[in-house]
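Report on the structure given below.
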Amino acid sequence: MAEREPEVPSAERVAGRVHQWLRQELMRSRFRPGEKLKLRQLAEELGVSLTPVREAIARLVSENALEQLDHRSARVPLFCEARLREVCELRMELEGKAAERAAERVTPADVARLSAIHARMTEARLADRRPEMMRENEYFHLTLCAMAGMPVLLQIVENLWLRCGPFNFALLSMRLLHRPEEHPHNDVIRGLASGDGALARLAIQRDIAVYAEAIRRRVPAATD
C-alpha cells in the first residue's frame with residue numbers, strides 16, 4: 001500500500017497564502033520603496049493571526065524583497081538606482097531569451113491568449129485604470145515567459161519582478177510613453193505569430209528598457 005502524503009498543517013497553509021498574497025502585492029506595486037509594513041495591520045487586513053504574517057514576512061526578508069525593522073514591522077527596500085539597473089538588465093536578458101524561445105513553440109491559441117491580455121491592458125490604460133493596467137502588464141510578461149517552456153527561467157524572472165515591483169509604482173502617476181498602436185507588446189505578438197524570435201526578443205527588451213529609464217528618472221522624486 002502506498003504511503004499517504006503527510007497532511008500540510010493548517011497554519012503552514014495560511015502562511016503560504018499570506019506569502020503569496022504579499023508577493024503579488026509587491027510585484028504589482030502596491031507598496032512603495034521605503035514603505036513600512038506593520039505586521040498587525042496586515043494581519044487585520046487579511047483576517048489572520050500574527051503568526052502566519054510573521055512567517056511570510058520572514059520568507060520575503062530571506063528573498064531580499066523586504067527588510068526586517070523589528071519584530072512588529074518590515075520595510076520595502078529603499079530606491080537604489082544600481083539595483084534597478086541590474087534587475088532590468090537581467091530581465092532584458094532573460095525575458096528576451098524567453099520571447100525568442102516562445103516564438104519557436106507557441107500555438108495560435110497561445111498568441112490569441114497573449115493578444116487578449118494586451119487588449120485588456122490597453123483598455124485599462126485608455127480608461128485610466130492604472131492598477132488594472134499594471135496587473136495585466138505583469139500578466140503579459142510572465143505569461144510570455146511561461147510560454148517558453150523554461151520553468152527555471154520563469155522562476156528567476158518572477159523573483160526579478162518581486163524585486164522591481166515597488167519601483168514600478170511610479171508608473172501610476174507617469175504620463176503614458178506610447179500610443180497604443182506603438183506599444184512594444186504589439187511587436188512581441190507579431191514576432192510570436194510569425195515565428196520571428198529575433199523580433200519578439202528585441203520588442204520585449206525595448207519595452208523593459210523604455211520603462212526602466214522612465215522609472216529611473218521618476219522614482220527618486222516620487223519617494224522624497
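By convention here, the first residue in the shown sequence is residue 1. Basis for what follows: all heavy atoms, side chains included, without hydrogens, waters or symmetry-related copies. Everything numeric here is computed off the predicted structure, so don't read it as measured data.
- No continuous path of hydrophobic side-chain contacts links L144 to L160 [ILVMFWY only; heavy atoms under 4.5 Å].
- For E67, the side chain to side chain donor-acceptor pair (under 3.5 Å) test picks out R75, with sequence neighbours left out.
- Residue R190 places its CZ atom among more than 12 non-hydrogen atoms of other residues, nucleotides or ligands, all under 6.0 Å distant.
- Residue pairs meeting the salt bridge (Lys or Arg N to Asp or Glu O under 4.0 Å) criterion with at least one partner in residues 148-161, sequence neighbours excluded, are absent.
- Nearest heavy-atom pair across A103 and D196 is CB-C, 4.2 Å.
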Derivation and outcome, side chain to side chain contact (heavy atoms under 4.5 Å, CB included), residues L84 and E81: CA-CA 5 Å; L84 173 64; E81 185 173 338; 5.6 Å; no
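- Considering all non-hydrogen atoms of both residues, S29 and M134 come closest at OG-CE, 3.3 Å.
- Two residues are said to be in side-chain contact when any heavy atoms from C-beta on lie closer than 4.5 Å; R163 and R83 meet this criterion.
- Closest heavy-atom contact between L66 and P77: CA-CD, 4.1 Å.
- Note that the CG atom of N168 and the CG atom of N137 stand 8.0 Å from one another [nearest 0.5 Å].
- Here OG of S73 is found 10.0 Å from CD of Q41. Values are rounded to the nearest 0.5 Å.
- The side-chain heavy atoms of P131 and R28, taken from C-beta on, include no pair separated by under 4.5 Å.
- Under the 4.5 Å side-chain heavy-atom criterion for ILVMFWY residues, a single connected hydrophobic cluster contains both V87 and M27.
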Steps toward side chain to side chain contact (heavy atoms under 4.5 Å, CB included) verdict (H183, V188): CA-CA 9 Å; H183 199 288; V188 173; over 6 Å; no
Worked check of side chain to side chain contact (heavy atoms under 4.5 Å, CB included) between L42 and W21: CA-CA 11 Å; L42 291 172; W21 179 83; 4.1 Å; yes
Worked verdict on W161 versus L26 for side chain to side chain contact (heavy atoms under 4.5 Å, CB included): CA-CA 9 Å; W161 270 81; L26 284 162; over 6 Å; no
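- Scanning both residues, M121 and M133, for their nearest heavy atoms gives CG-O, 3.4 Å.
- A203 approaches D187 most closely through the heavy-atom pair CB-CB, 3.5 Å.
- Within 6.0 Å of atom CD in E86, 12 or fewer heavy atoms from other residues, nucleotides or ligands are found, so the atom counts as exposed in its surroundings.
- Atom CD of E25 sits about 10.5 Å away from atom CG of L37, to the nearest 0.5 Å.
- Summarising the local packing, CZ of R72 is surrounded by 12 or fewer heavy atoms from other residues, nucleotides or ligands at distances under 6.0 Å.
- Within the 4.5 Å cutoff, side-chain heavy atoms of L153 are placed close to those of V157.
- A salt bridge links R216 with E213; the closest basic N to acidic carboxylate O contact falls under 4.0 Å.
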Donor-acceptor contacts under 3.5 Å from residues 43-50 side chains, at least two apart:
unit_1	atom_1	unit_2	atom_2	d
E45	OE1	R30	NH2	2.9
E45	OE2	R30	NH1	2.8
E45	OE2	R30	NH2	3.2

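- Residues V111 and R113 are not in side-chain contact: their nearest non-hydrogen atoms beyond the backbone lie 4.5 Å or more apart.
- Clustering ILVMFWY residues whenever any of their side-chain heavy atoms sit less than 4.5 angstrom apart, transitively, puts M92 in a cluster other than the one holding L94.
- Nearest heavy atoms, P166 versus P33: O-CD, 3.3 Å.
- Cluster membership check: M150 does not share its hydrophobic cluster with M147, using side-chain heavy-atom separations under 4.5 Å among Ile, Leu, Val, Met, Phe, Trp and Tyr.
- One side chain, H141 or D207, offers a donor N or O that lies under 3.5 Å from an acceptor on the other.
- Here NZ of K38 is found 11.0 Å from CG of L69. Values are rounded to the nearest 0.5 Å.
- Of the candidates Q24, E63, E55, E63 is the only one forming a side-chain hydrogen bond (donor to acceptor under 3.5 Å, both in side chains) with H19.
- L22 and L39 fall within a single hydrophobic cluster, where Ile, Leu, Val, Met, Phe, Trp and Tyr side chains are chained together by heavy-atom contacts under 4.5 Å.
- We find the CZ-OG distance between R120 and S115 to be 11.0 Å, quoted to the nearest 0.5 Å.
- Using a 4.0 Å cut-off between a side-chain N of Lys or Arg and a carboxylate O of Asp or Glu, R105 and D110 do not qualify as a salt bridge.
- Residues V76 and R32 fail the side-chain proximity criterion, which asks for heavy atoms closer than 4.5 Å.
- L114 has its side chain out of reach of V106: every pair of non-hydrogen atoms, C-beta onward, lies at least 4.5 Å apart.
- Note on ring orientation: taking the six-membered ring where Trp is involved, the planes of H185 and H118 are perpendicular (angle over 60°, cut-offs 30° and 60°).
- Here CD1 of I117 is found 7.5 Å from CZ of F140. Values are rounded to the nearest 0.5 Å.
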